[in-house]
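Read through the structure below, which is laid out as structure tokens, and then see the notes.
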2 protein chains.
Amino acid sequence: MGINERKEREREHRKEEILDAAQRVFFEKEFTAATVDEIAEAAELSKGTLYLYYKSKEDIYLAVMMRGMEKLYEKLEPISASGSTTIQKLLNFCECYKEYFRSDRRYFRMFHFLQAPHFHKQVSDEMNESCSQLSRKIWSLVVGLLKSGMEEGVFRSDLNPFEVAIILWSSITALLLRADTEIEAWKERLNIDLENVLDVSNDLLFNAIMTDKGRSEYNILIKAGQH
Amino acid sequence: MGINERKEREREHRKEEILDAAQRVFFEKEFTAATVDEIAEAAELSKGTLYLYYKSKEDIYLAVMMRGMEKLYEKLEPISASGSTTIQKLLNFCECYKEYFRSDRRYFRMFHFLQAPHFHKQVSDEMNESCSQLSRKIWSLVVGLLKSGMEEGVFRSDLNPFEVAIILWSSITALLLRADTEIEAWKERLNIDLENVLDVSNDLLFNAIMTDKGRSEYNILIKAGQH
DNA sequence: GTAAATATTGACTATCAGTCATAAATTATA
DNA sequence: TATAATTTATGACTGATAGTCAATATTTAC
């Protein structure tokens with residue numbers, strides 16, 4: 001019976017079409033401002049049909065956001081797999097995340113909602129699970145990098161790689177989320193460029209987690225990058 | 001005419017009563033789950049009356065949150081005014097924020113909403129302004145501390161105190177917000193204690209922003225604190 | 001004591017997520 | 001091919017809730 005397979009394919013295709021429509025809507029309006037009716041209209045389907053494919057508005061939102069996370073993963077993974085040194089990879093990771101922030105800002109912006117605790121109440125267990133799984137994929141790239149660096153002796157091995165990953169990821173994401181909403185305000189009020197603040201923050205943290213060996217390689221790369 | 005003054009006092013008093021009621025509600029339920037009708041019932045007033053005193057649900061929420069920020073300020077300010085050394089003050093600031101997180105968790109939890117960009121759409125300009133003003137008050141304590149430390153030569157003076165304040169505040173707040181919602185998950189999954197991660201993060205950043213002079217004082221204090 | 005001003009009310013409106021009985025379309029059976 | 005069974009789609013409806021406003025009650029001024 002190829003019929004069930006075809007039906008399954010068609011179902012997945014329809015789900016993607018709904019996401020295409022939802023993405024157009026969520027790129028224009030944030031979660032609360034966007035309505036399910038708008039998404040249905042954009043998808044040229046009735047609202048009831050949407051609910052045959054997704055369990056809630058939050059599920060649809062997360063599914064679009066996961067496209068964004070997947071895209072970030074696709075950008076980070078090749079760095080991880082490349083032949084660069086660990087220090088170079090760390091710098092590339094950060095540059096890549098910043099580049100993602102700049103060019104895929106509408107996806108990045110959706111990450112704001114991951115923070116809101118109430119949001120997850122309406123998310124189905126399956127969606128939450130796929131989302132965590134994808135998070136962990138990205139996560140493991142960072143942890144992997146830190147572990148390699150510790151083994152090679154460029155990162156301090158007295159630190160816990162998971163803890164350092166949390167620290168780095170939290171601080172970078174927090175500053176980018178802040179930059180997303182406040183970059184103009186800081187520029188005007190105190191002439192501070194939040195993207196530059198991120199560079200300073202990274203520089204402080206990188207130096208702090210590196211060994212002398214790591215730092216010497218890092219400083220050479222940094223100087224080479226500044227021109 | 002003392003009547004207008006009395007009326008003004010009564011109006012302020014009523015606003016506080018509404019906040020008392022709103023606080024009880026928001027301490028139990030997060031923003032979306034709490035309803036204005038519930039707050040009205042808790043205040044023993046009709047919903048219409050609430051809107052004579054506050055312009056929106058968001059305004060009421062922010063007003064309660066500002067009580068929480070005020071309370072934090074009241075705890076931080078004495079540290080700033082004390083005769084301790086700058087390094088000691090920095091450590092006390094962090095300990096104080098962590099203590100606030102633990103004992104005033106319900107206020108702290110409300111901070112989650114400050115991040116959400118859509119939230120501010122419904123906030124009146126006046127409320128936004130009072131809120132920013134209060135933020136700046138807390139903010140200036142941190143910046144003041146950093147500036148003093150730079151003058152005394154315990155903090156690196158090649159760094160911009162405003163930028164360092166953003167970095168410290170962002171990273172501490174981001175880790176505490178994460179701890180608020182994920183502390184059990186990390187404990188179970190990888191046996192990682194997010195409160196400890198905060199200590200590690202602070203240690204990395206503090207060392208990174210200090211001069212040799214600062215670090216030597218810091219290390220003495222840290223060792224004294226560990227017993 | 002009465003008129004004007006002020007404060008309060010709660011029924012009403014508008015909006016929107018999610019549902020479900022009904023209808024259309026597709027597939028299986030005779 | 002005709003009909004029954006199954007699957008997919010619909011949109012009017014429900015329930016929840018933020019915010020409004022004409023009507024009412026209370027307080028102040030004369």
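Predicted model, so just to flag it, every value in this text is computed and none were measured. In what follows, chains carry the letters A, B, and so on, assigned in the order in which the sequence lines appear, proteins first and then strands, with residues in each chain numbered from 1.
- Side-chain proximity of B/Leu45 to the nucleotides C/dT9, C/dT27, C/dG18 is greatest for C/dT9.
- Rounded to a whole Å, the CD atom of B/Glu44 is 15 Å from the C1' atom of C/dT8.
- Between A/Phe113 and B/His118, the ring center distance clears the sub-6.0 Å criterion.
- Closest to the A/Gln122 side chain, of the nucleotides C/dT8, D/dA9, C/dG18, is C/dG18.
- The OH atom of B/Tyr61 sits 17 Å away from the C1' atom of D/dA18 (whole-angstrom rounding).
- With values rounded to the nearest 0.5 angstrom, A/Glu195 atom CD is found 14.5 Å from A/Ile192 atom CD1.
- Side-chain to base pairing of B/Lys57 with D/dG19: no donor and acceptor N or O lie closer than 3.5 Å to each other.
- Between C/dG18, C/dT27, C/dC16, one nucleotide has an atom nearer to the side chain of A/Thr35 than all others, and that is C/dC16.
- Remark: P of D/dG19 and CG of B/Leu50 are 11 Å apart, rounded to the nearest angstrom.
- The distance from atom CZ of A/Arg11 to atom P of D/dT7 is 12 Å, rounded to the nearest whole Å.
- The distance between atom NZ of A/Lys29 and atom P of C/dA17, rounded to the nearest whole Å, is 11 Å.
- Proximity note for A/Ser46 (side chain, C-beta onward) versus D/dG19, D/dT17, D/dA9: the nearest is D/dA9.
- The closest side-chain donor-acceptor pair between A/Ser56 and A/Tyr61, if any, does not fall under 3.5 angstrom.
- The distance from atom CZ of B/Phe31 to atom C1' of D/dT17 is 12 Å, rounded to the nearest whole Å.
- Set against C/dG18, D/dT8, D/dT10, the side chain of A/Lys47 has C/dG18 as its closest nucleotide.
- A close approach under 4.0 Å does not occur between any side-chain nitrogen or oxygen of B/Tyr51 and OP1 or OP2 of C/dT9.
- Between B/Ser124 and B/Tyr54, the side chains place no donor N or O within less than 3.5 Å of an acceptor N or O (distance only, hydrogens not considered).
- With rounding to whole Å, A/Glu10 atom CD is found 14 Å from D/dA9 atom C1'.
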